[in-house]
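Structure record follows, encoded as structure tokens.
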2 protein chains.
Amino acid sequence: MDQNSLPPIQTTARDDAVLKALVGFVRAEALQPGDRLPTERILAERLKVSRNTVREALTRWEGLGLVERRQGSGTYLKAAVSPDMLHMPLTLAGGNDFTSLMHTLEIRRALEAEAAALCAERASPADIAEIMRKLDIMEQAFRTRDGMSSEEDWEFHQAIYRVSGNPLFEQIIAAMHELFHRFWEHPLGVRDFGHASFPYHRAIYECIAARDPQGARAEALKLIATVEDDLKRGAAKLKLPSQT
Amino acid sequence: MDQNSLPPIQTTARDDAVLKALVGFVRAEALQPGDRLPTERILAERLKVSRNTVREALTRWEGLGLVERRQGSGTYLKAAVSPDMLHMPLTLAGGNDFTSLMHTLEIRRALEAEAAALCAERASPADIAEIMRKLDIMEQAFRTRDGMSSEEDWEFHQAIYRVSGNPLFEQIIAAMHELFHRFWEHPLGVRDFGHASFPYHRAIYECIAARDPQGARAEALKLIATVEDDLKRGAAKLKLPSQT
DNA sequence: ATGCAGAAATTGGTAGGACCATTGGACCAC
DNA sequence: GTGGTCCAATGGTCCTACCAATTTCTGCAT
């Protein structure tokens, strides 16, 4: 006897129905992120529901980061929507910032290594060329501005996730990336943060180009290790600022 | 000159103010998960805002999984809340095909191994006892019903994630679990699905109890590998049902 | 024509009131 | 006890009106 054989019935689910209708709408109209979707009043009239109900539904989507509402302007699509989407709110209630940052890095350590290994297994010659291109851009930015660039660095990593063939890597690590940078603000006083990670980017690329999964995994782990070290240095600096 | 030194002022942020007030309320009243919080009407009156505004705020919290609203009964706290909490919606685009299922397993492979290793490093004697308890329950269920039990098996794994000390493991793997089981229902015709993974549970536990991170990692990888094999067998069976 | 200030329309945000649907307890008949 | 009915409390929905921010239009001065 399975307890799931008698699921609770749903008599009313107005907001869910509204959201389902909206999913169908954006698909029918082929709306892209950035596009404006109909007025709350229009939606309420078309769907034959109260404007309040429409607002509750849109509030939920706003909380999920799917839409953005601008007073006086309209409601805009912020991300692609599809019928089979899973929403999972991540809650990070760690004590201090340092702990939370380390937590995001632990996830990245696991996923980054796996993605690099899969990438080395599955990369086509065109994929390898694309990754090299991103690597060149990143290295040039590094030399020009004499420091790690968040932007180009991120592009390089994203290319690896994409080539891994598993879209979940990019989506989850992107969430970690954003979570990380939300705690960031002040770089904990470490001026050359990320500097030590630079050489490992090329090392990862070379392993991928050589179709060496284990090597790519190892180099990715080293890269994350340098970031963790920087983070620990910063935390120590904050705790003992006078003992320099 | 940091662009963040001049954040945009907030002329109106009623719902945020409501949520902040609610955080203060649950802390002042020391509310625990499961407790009921005041009526929407009461909140609207006390906070001097419209009931609509209260509802929008509660809708956001509901979306984050912090509260649960039951019509006719009330609104109940579902998770602990604190002022310094960071929420980040993770939206994953899944599919219902074989490839998507494999993708979730690739993520689990990476995270499961890392979590097991961290668990082996950080587990206290009490933690190890707790994990053993879950393992016993699972093994008994296995022998009684002669098959892997999704429920008890999941409890065992969750215990490991918790002991890892990083709440993100449990949350992200839970998302993978959800994606996987969304299209589960029938185990692709493989009756003894997961059977092969059984012995590795105890193997993982023994590595954790022995404080052997590398061993725990290796056993976790083997466990996921058996699940991947089962999945492939099921897919082959679906494609070639007549060639048995 | 051009440019710009101010009016007007549009749109999301808030307010307040009313009613419906569900829940859970009180109460009662059997 | 069991089952049923009633009733108050509570979230869900609807309606209308107005506020606040934004965009668009208008019309005057140049």
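Every chain is numbered from 1 and lettered A, B, ... according to where its sequence line falls, protein lines coming before strand lines.
One finds no salt bridge joining A:Lys78 and A:Glu68 here, because no Lys/Arg side-chain nitrogen approaches an Asp/Glu carboxylate oxygen to under 4.0 Å. With respect to A:Arg162 and A:Glu130, no salt bridge is recorded, no charged nitrogen being found less than 4.0 Å from a carboxylate O. With salt bridges taken as basic N to acidic carboxylate O contacts below 4.0 Å, none links A:Arg41 and A:Glu45.
OP1 or OP2 of C:dA15 sits under 4.0 Å from a side-chain N or O of B:Arg14. A sub-4.0 Å separation between OP1 or OP2 of D:dG11 and a side-chain N or O of B:Thr75 is present. Listed pair A:Arg69 / C:dG13 meets the phosphate criterion, a side-chain N or O lying under 4.0 Å from OP1 or OP2.
Although no hydrogens or angles enter the test, the distance criterion places no donor-acceptor pair under 3.5 Å between the side chain of A:Arg55 and the main chain of B:Glu56. A distance-only check finds a donor-acceptor pair linking the side chain of A:Arg182 to the backbone of B:His87 [under 3.5 Å]. A:Asp230 places no side-chain N or O within donor-acceptor distance of the main-chain N or O of A:Val227, the cut-off being under 3.5 Å.
Residues forming a salt bridge (charged side-chain N to carboxylate O under 4.0 Å, His left out) with A:Glu112 (at least two apart in sequence, or on another chain): A:Arg108.
The stretch residues 45-61 of chain A comes close to DNA chain C through A:Arg51, A:Arg55, each having a heavy atom under 4.0 Å from the strand. Of all the residues in residues 17-41 of chain B, B:Arg41 reach under 4.0 Å from DNA chain C with at least one non-hydrogen atom.
Distance, A:Glu68 CD to C:dT11 P: 17 Å, rounded to whole Å. Going from atom CD1 of A:Ile42 over to atom C1' of C:dA9 covers 14 Å, rounded to whole Å. Here C:dT11 presents its P atom at 14 Å from CZ of A:Arg70, a figure rounded to the nearest Å. When the P atom of C:dG12 is taken as reference, atom CD of A:Gln71 falls 10 Å away, rounded to whole Å.
Heavy-atom nearest nucleotides on DNA chain D were determined for B:Gly74 and for A:Gly72, and the one closer to the 5' end corresponds to B:Gly74.
Judged purely by distance below 3.5 Å, without hydrogens or angles, the side chains of B:Arg69 and B:Thr59 pair a donor atom with an acceptor atom.
Contact of the A:Ile173 side chain with the A:His157 side chain is not registered, since no non-hydrogen atoms from C-beta on lie closer than 4.5 Å.
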